[in-house]
Asker: 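Let me give you the structure first, and then I'll get to my questions.
Heavy-atom basis, side chains included; hydrogens, waters and symmetry copies ignored. Keep in mind that what you see is a predicted model, and the values were worked out from it rather than measured. Each chain gets a letter, A, B and so on, in the order its sequence line appears, and its residues count up from 1.
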2 protein chains.
Amino acid sequence: MQQKRIDRRRPPARTRIRPAVRPRVRVAGDEANRRGDIVRAAARLFRERGFDATTVRDIAKAVGMRSGSPFYHFETKQDILLAVVEEGLAAGLDATEGVLAERLPPREKFHALVRAHLEILLDEGHDFIPVLLYDWRSLTRENRAKIVALKDRYDAVWQQVVRELKRAGLLHIDSPLARLLVLGAINFMATWYRRDGALGLDALADQTVDFFLGPTKR
Amino acid sequence: MQQKRIDRRRPPARTRIRPAVRPRVRVAGDEANRRGDIVRAAARLFRERGFDATTVRDIAKAVGMRSGSPFYHFETKQDILLAVVEEGLAAGLDATEGVLAERLPPREKFHALVRAHLEILLDEGHDFIPVLLYDWRSLTRENRAKIVALKDRYDAVWQQVVRELKRAGLLHIDSPLARLLVLGAINFMATWYRRDGALGLDALADQTVDFFLGPTKR
DNA sequence: CCTACCGATCGGTAGG
DNA sequence: CCTACCGATCGGTAGG
């Protein structure tokens with residue numbers, strides 16, 4: 001991190017200016033949501049800058065708190081990361097296992113899975129999975145272990161769909177490597193996809209499915 | 001980063017113990033290579049822990065220097081990152097454009113490209129490309145701009161091979177998206193491939209090609 | 001390239 | 001949840 005050489009001395013603590021406006025009308029039940037606010041703000045910041053480059057002060061500021069206050073809700077910064085990643089995987093699993101329940105034909109099932117995954121991977125407000133993918137290293141070993149079970153369920157869904165595609169003659173191979181290649185190609189989109197670009201998620205899902213399975217014949 | 005609460009006070013600077021052995025016999029021309037040593041050590045550390053989680057002290061220690069000495073070779077930590085990434089791309093381009101020069105048939109050309117890319121992406125001692133991929137965010141805007149030209153040449157090679165595959169009837173689509181999906185699937189291997197695992201790079205290249213193009217018919 | 005050091009920042013805490 | 005603060009660490013530098 002770059003250090004900024006500011007010439008002006010820091011004003012003495014007593015006279016430091018407090019933020020001008022802090023418009024917070026506490027509604028009942030609002031308190032309970034502060035934790036969720038922190039998780040969402042942290043997710044966005046982690047996704048944009050990475051875990052290490054995001055300070056607890058950044059997170060506090062993003063939700064209108066003072067620098068020490070996130071520690072009222074979380075013991076450590078690492079616990080915030082864990083919450084982000086767990087919440088993301090839980091939401092992702094919901095959407096993903098929901099697709100399996102629909103009992104679609106293989107190609108349509110694959111398309112629905114891809115589309116659902118693109119949503120949580122790339123769409124506005126869904127920052128959890130990118131954080132999981134790109135700040136995995138920042139999780140402690142213990143916290144990684146807590147998450148592996150969820151990740152395994154995720155992989156199992158994709159593996160099953162890949163197997164069905166092979167059985168339907170739509171893919172050449174259905175090994176774990178095949179699953180890793182498909183998911184890798186999609187997950188890597190988080191590095192190049194621009195939310196403000198011309199390519200929407202629907203079109204992206206269509207073209208991705210066509211690439212892997214070939215265009216639909218009619 | 002976790003803070004370790006060490007009870008013992010830091011010994012006063014005067015009496016601090018210096019590393020026991022520092023076996024350095026300076027050969028002529030050795031001096032010139034110290035910069036390269038730093039770049040290689042930094043690449044490995046950046047790949048393992050990420051740019052932000054690696055300190056200049058870590059890098060110095062890895063090459064047997066004292067904490068301030070890397071700044072004799074580089075002005076800033078950011079400059080070390082830039083050197084890592086530039087060196088990696090240059091080496092990658094060499095290998096990659098070399099494949100194009102061989103004028104192989106499409107399937108073989110693709111295989112050679114994949115195999116060459118796996119080498120610099122996953123093999124021992126090649127940490128540059130993973131750093132490029134996963135610490136891209138840590139580069140300043142200016143430094144990213146310096147690299148884009150190299151990255152574009154890289155992409156152009158893959159785009160051309162993808163086009164040849166389509167023309168040969170081995171791929172359904174040859175759009176930029178097709179290139180991004182293929183490269184994404186491969187680049188994402190850096191997150192899951194284990195150098196000490198059972199899957200070697202040759203087998204991985206074979207199976208990857210088979211997945212995308214279908215097994216060879218005979 | 002080392003010694004000795006600085007200023008800034010950061011995660012975290014005590015007490016209210 | 002804020003105030004006020006601490007200890008540690010970190011990038012970087014002056015001078016040799």
Side-chain angles (χ1 to χ4, degrees), chain A residues 1-19 22 24-26 30-35 37-38 42 45-46 49-82 138 140, chain B residues 1-19 22 24-26 30-35 37-38 42 45-46 49-82 138 140:
Chain A
M1 227 161 309
Q2 305 280 54
Q3 288 179 216
K4 288 166 201 152
R5 307 262 152 193
I6 297 172
D7 212 4
R8 173 173 48 86
R9 308 257 180 90
R10 198 202 305 202
R14 295 225 139 271
T15 65
R16 211 176 302 158
I17 305 120
R18 301 179 51 170
R22 302 211 275 133
R24 240 180 299 135
V25 188
R26 282 281 159 68
D30 196 37
E31 286 281 2
N33 282 331
R34 295 302 279 158
R35 188 191 147 103
D37 291 344
I38 291 173
L45 290 166
F46 291 163
R49 316 176 186 178
F51 177 73
D52 284 323
T54 303
T55 70
V56 173
R57 283 162 171 82
D58 292 333
I59 300 170
K61 198 169 152 196
V63 296
M65 285 177 181
R66 317 287 299 215
S67 69
S69 301
F71 294 106
Y72 172 76
H73 297 277
F74 295 92
E75 277 195 29
T76 66
K77 188 188 173 190
Q78 172 75 208
D79 287 338
I80 303 181
L81 178 59
L82 177 63
S138 297
T140 61
Chain B
M1 229 161 307
Q2 305 281 56
Q3 288 181 215
K4 289 165 200 153
R5 305 267 151 191
I6 297 170
D7 212 5
R8 172 173 50 84
R9 307 256 182 92
R10 197 203 305 201
R14 297 225 138 269
T15 66
R16 209 176 302 158
I17 305 120
R18 299 179 53 170
R22 301 210 276 133
R24 241 179 299 136
V25 188
R26 283 279 159 70
D30 195 39
E31 286 280 2
N33 283 330
R34 296 301 280 156
R35 189 192 146 102
D37 292 344
I38 292 173
L45 290 166
F46 291 162
R49 316 177 187 177
F51 177 73
D52 284 324
T54 302
T55 70
V56 173
R57 283 162 172 81
D58 292 332
I59 299 169
K61 198 169 153 196
V63 295
M65 286 178 182
R66 318 286 299 211
S67 69
S69 301
F71 293 105
Y72 172 76
H73 297 277
F74 294 92
E75 278 196 29
T76 66
K77 187 187 173 191
Q78 173 73 208
D79 288 338
I80 303 181
L81 177 59
L82 177 63
S138 297
T140 61

Asker: Of the listed nucleotides (C:dG11, D:dC1, D:dT13), which one gets closest to any side-chain atom of A:Val56?
Answerer: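 Nearest to the side-chain atoms of A:Val56, counting from C-beta on, is C:dG11.
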Asker: For the side chain of B:Ser69, counting heavy atoms from C-beta on, which of C:dG11, C:dC2, D:dG11 is nearest?
Answerer: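 Side chain of B:Ser69 sits closest to C:dC2.
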Asker: Where each pair must be Watson-Crick or G-U wobble with both distances under 3.5 Å, what dot-bracket representation of DNA chain D is obtained, with crossing pairs in [ ] and other-strand partners as |?
Answerer: ||||||||||||||||
Asker: What integer distance in Å separates A:Lys77:NZ from D:dA8:C1'?
Answerer: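 Distance check: A:Lys77 NZ to D:dA8 C1' gives 15 Å.
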Asker: What nucleotide among C:dC10, D:dG11, C:dT13 has an atom nearest to a side-chain atom of A:Thr55?
Answerer: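 When the side chain of A:Thr55 is considered, C:dC10 is the closest of C:dC10, D:dG11, C:dT13.
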Asker: Quick one: list whatever passes side chain to side chain contact (heavy atoms under 4.5 Å, CB included) with B:Arg49, sequence neighbours left out.
Answerer: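 Here the qualifying residues are B:Leu45, B:Ala53, B:Thr54, B:Asp58.
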Asker: Report the nucleotide, chosen from D:dG11, C:dC1, C:dC2, that has the shortest atom-to-atom distance to any side-chain atom of B:His73.
Answerer: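 The closest nucleotide is C:dC1.
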Asker: Can you see if the side chain of B:Arg66 gets near the phosphate of C:dT3 - specifically, an N or O under 4.0 Å from OP1 or OP2?
Answerer: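 The answer is yes; a side-chain N or O of B:Arg66 sits under 4.0 Å from OP1 or OP2.
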Asker: Rounded to whole angstrom units, what separation is found between the CE atom of A:Met65 and the C1' atom of D:dA4?
Answerer: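 Distance check: A:Met65 CE to D:dA4 C1' gives 18 Å.
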Asker: Go through D:dG12, D:dC1, D:dC2 for me and flag the one nearest to the B:Thr76 side chain.
Answerer: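 The answer is D:dG12, which lies nearest to the side chain.
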Asker: Take atom NZ of B:Lys61 and atom P of C:dC1, then tell me their distance rounded to the nearest Å.
Answerer: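 Going from B:Lys61 (NZ) to C:dC1 (P), I get 18 Å.
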Asker: Among C:dG12, D:dC1, C:dC5, which nucleotide has an atom closest to any side-chain atom of B:Arg57?
Answerer: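 Looking only at heavy atoms from C-beta outward on B:Arg57, the closest nucleotide is C:dC5.
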Asker: Taking only residues two or more places apart in sequence or in another chain, which ones pass side chain to side chain contact (heavy atoms under 4.5 Å, CB included) with B:Ser138?
Answerer: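 Per chain and number, B:Ser138 pairs via side chain to side chain contact (heavy atoms under 4.5 Å, CB included) with B:Phe51, B:Asp52, B:Leu81, B:Asp135.
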